[in-house]
Amino acid sequence: MTSRTILPPRHHRAFLSSIAFSCLLLPAEGWAQSGKPSQTLDPVVVQPSATPPRARSTKRGTATHNARSRQQRNVAANTGAPVATPTGPVFAAPTLNLTGTSTAGSRLGLTRLQTPASVEVISAETIAERGQQNILDAVTQNATGFTASPAPGNGGVSFNTRGFTGLGSVMTLYDGTQLYIGAGTVTFPFDTWSTERIEVLRGPASVMYGAGAVGGAINVVSKLPLWVPRNQAELSLDSNMTRRIAVDSGGPVNKDVAYRITASGNMSDGWVDRDNTSNVALHAVVQIRQNEDVTWTLSTDYGDRNPSRYFGTPLINGRLDESLRFKNYNVSDSHIRYQDSWNQVKTEWQVADGISIQNTLYYLNSKRHWKDVESYAYNPATGLINRSSDIEIFHDQQQFGNRMDAKFRGHIFGMVNEFLAGFDVNSINFTHTNNSPFGGSSSVNPFNFVPGIFNSPNATVPGFGSVTNQYALFAENRLSVTEQLSLIAGIRQDGPTITRTDYVIPGNSFEKSFSSTTWRAGAVYTPVKDLAFYGQYSTSVDPVGGLISLSSANKNFDLATGKQIEIGVKQSFWGGRGEWTLAGYEIVKNNLLARDPNIPSLTVQVGQQSSRGVEASVGLLLDYGWRIDANTAFLRAKYDDFVQAVGNGSVNYAGNVPVNVPQNVSNIWATWAFAPNWSANAGVQIVGKTYADNANTMTRPAYNIVNAGVQWKPDLNTTVSFRVYNLFDEVYTTSGGTTQWLLGMPRTAQLAVNVKF
């Protein structure tokens, strides 16, 4: 039996890292040159495929302005052309989009240059060009400093950033609404076909969205109706026999009603043994213009997934044996299914000049089922793989809520002021059914085995149910002290109450209320146009073990608290063809659960974790059809105080790196339009080593993943794409502990055809 480490050659990683660093230095060299470029470049705006923003008329008090507003609306409705706004284009080339607006860092409609935080927008065009068909790839291969730790148990969408990991510290949202975590799992959204853009906020986001975002937040924004008829379809097939079909149709019904329907479906044989997968995603939305000032948007989404049942590859004597790369140690009758439905009604009302109201009413229903053998450990004495944890779990979760805010624009002592206030209320009903204590065990030969069937001695019965009622009040303000200096502040008050009913041990039932106030304050200074320096202090809270699945053991603990200080600079230059950002930060998170050093059996809430780092990104649109996008993140994350029970004693892991946290992450993308109707792109994702245990004794090696593709447009409405994912067939691990690792997808070739009609 042979095994080898998957760590790539040191000089190979160093070479790729040096390329990333060189790309980040390139703008500085450009500033130092006084000569003119070889070719004059005009500003470029890349308009997204989604609905152009509607220019609503507001009661300005002048007939001239109202006439101009009506003219702009007519142009947008009849041609689909974007309407210019005071804050700049929605998407600017290249892909940093600093001059466009974003809702991830502020509800005031600020551009990323005006926001004192690290905010990115990944457009639908970028996602499609790079062949990223799921949310996880779109975020980790584009956003600065983001990695993922996907697993079947967490829904496959668990992210890591700025030293903090998991769904309880890096929040996922859909259209600005938080998806509450049921027993460590979020399963929606997952497919990018219905996505207009993905907005990413790095750093604490509790002021925006509530508990669970000390590391950052990811907001997936869905496609809106089209006011110009358009249809699109795509077919693809890859070397794992993944068959994909997707359609997108939209247009006006009449002058006041428009629609959009998208649908995608995938079936795959998978890249490990016995791992057929399938999924369907539907998105339908109708927009109604009641009048010039009121717009209604009604949408519904549905996702049905049978995802991968691969729970990882067992380590042999603590090392990965590549001959086991394609083995699946789950039982033959394993089953996983996620069903999610999402319904929204949005109302936008321009009340008067400078006053607007937005309201979102929503309902989410999620059903999940697992039936698996999930734990594998190699036994050196027998040479067999010991399998345990025959687990069957059902989740039944309903989330109903309403969010409203009102925005006011005016003047204070002659200074322009924008103020927003609102509330968010919701109720979540969650039922957890399982076969705890998850008994059952078996042993199989690692190389030649019969999968067997699920065989648990424990009955599957309802375990507990919870009802979580929450309210939040929030406010945000931006004061433009001068044309160059603005002050931004925000505050949020949250008050969740959890009522848990334990069906197995009724005495463990309880009711618990929390209260938290988070706030932030920052400043942006713009000495010259499109160059912004900023600083911000912000606070955040994270739940201990999840709110809606809070256990009786954790009910008496407080919310974990976090605070961050960040400074940075952003610039758009060269007529919008170049952009760069640089940020430095420090985050401290307190109230982690730890063991009492004198009584190892006693859990206390005194732990602390911190991280500090530097992040940079650059985008350049060059001559001769070249575009370069690169970003990098360097951080030092550590436990400051984290005592855990080990054997009969306790160990303080202070100074150690948290699990699943790489200390350096980079992405580099190059696109070249090398001939008429032809383009090629290639990207490399560079991820540093991570630790699989708190003691930092088990290291998961660093890896570099290269993806490449070529596109050909035989005519205006047809695009043929050929892509290769993991071009050099790197063997790498995305998550896992001390006995088994989940491996990433091997080299995979894909052919896709996209037709617009």
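Count residues from 1 along the sequence. Keep in mind that this is a model prediction, so the values were computed, not measured.
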Going by the rule side-chain contact (heavy atoms from CB on, under 4.5 Å), which residues pair with S106 if we only count those two or more places apart in sequence or in a different chain? L108, L110, E476, R520
Tell me, please, which residues at least two apart from D175 pass side-chain contact (heavy atoms from CB on, under 4.5 Å). V221, S222, Q344, K346
Is it true that E199 and R112 have a side-chain N and a carboxylate O under 4.0 angstrom from each other? no
Salt-bridge contact E418-K407 (side-chain N to carboxylate O under 4.0 Å): no
Within the structure provided, determine whether [X] and [Y] are in side-chain contact (heavy-atom separation under 4.5 Å).
X    : Y    : answer
V665 : T632 : no
P658 : Q609 : yes
V541 : T518 : yes
I391 : N434 : no
L173 : Y209 : yes
F430 : Y180 : no
R368 : I393 : no
L179 : M171 : no

Interatomic distance, CD@Q608 vs CZ@F642, rounded to 0.5 Å, equals 12.5 Å
With a sphere of 6.0 Å drawn around [atom1] of [X], does it hold more than 12 non-hydrogen atoms of other residues, nucleotides or ligands?
X    : atom1 : value
Y691 : OH    : yes
W519 : CH2   : yes
I567 : CD1   : no

Any sub-3.5 Å donor-acceptor pair from [X]'s side-chain atoms to [Y]'s backbone N or O?
X    : Y    : value
S366 : S341 : no
S735 : P150 : yes
N667 : T140 : yes
Q399 : Q178 : yes
N631 : N142 : yes
R403 : F423 : no
D137 : N134 : no
Q141 : A138 : no
D542 : A213 : yes
S169 : G166 : no

With a 3.5 Å cut-off and no angle check, do the side chains of [X] and [Y] form a donor-acceptor pair?
X    : Y    : value
R500 : N508 : no
R162 : Q564 : yes
Q493 : T517 : yes
T690 : N660 : no
E348 : T295 : no
Q358 : D405 : no
K589 : S540 : no
T185 : N154 : no

Please give me the minimum heavy-atom distance between [X] and [Y], naming the atom from each residue.
X    : Y    : value
A117 : L201 : CB-CD1, 3.9 Å
T195 : D191 : OG1-O, 3.6 Å
P204 : T539 : CB-O, 4.0 Å

Candidate pair N694 and Y639, rule side-chain hydrogen bond (donor to acceptor under 3.5 Å, both in side chains), full reasoning: CA-CA 9 Å; N694 291 324; Y639 290 119; 3.3 Å; yes
Where do N469 and T497 land on the side-chain hydrogen bond (donor to acceptor under 3.5 Å, both in side chains) test, with the steps shown first? CA-CA 5 Å; N469 295 311; T497 298; over 6 Å; no
Begin from the C-alpha positions of T300 and N343 and carry the test side-chain hydrogen bond (donor to acceptor under 3.5 Å, both in side chains) through to its verdict. CA-CA 4 Å; T300 184; N343 302 280; 2.7 Å; yes
Using the benzene-type ring in the case of Trp, are the ring centres of Y363 and W342 under 6.0 Å apart? no
Does the structure place the NZ or CZ of [X] under 6.0 Å from the centre of the six-membered ring of [Y], at an angle of no more than 45° from the ring's axis?
X    : Y    : result
R409 : F419 : no
R305 : Y338 : no
K570 : Y534 : yes
R107 : F474 : yes

For S118 and E566, what are the C-alpha separation, side-chain angles and deciding distance, and is it a side-chain hydrogen bond (donor to acceptor under 3.5 Å, both in side chains)? CA-CA 9 Å; S118 294; E566 177 179 342; 2.5 Å; yes
Please set out all donor-acceptor pairs under 3.5 angstrom arising from side-chain atoms of residues 543-558, sequence neighbours excluded.
{"unit_1": "S549", "atom_1": "OG", "unit_2": "A183", "atom_2": "N", "d": "3.2"}
{"unit_1": "S551", "atom_1": "OG", "unit_2": "N554", "atom_2": "N", "d": "3.4"}
{"unit_1": "K555", "atom_1": "NZ", "unit_2": "S552", "atom_2": "O", "d": "3.4"}

Would you call the rings of F159 and F146 parallel, tilted or perpendicular, where under 30° means parallel and over 60° means perpendicular? perpendicular
Please work out which of the three classes, parallel, tilted or perpendicular, describes the rings of F188 and Y174, given edges at 30° and 60°. perpendicular
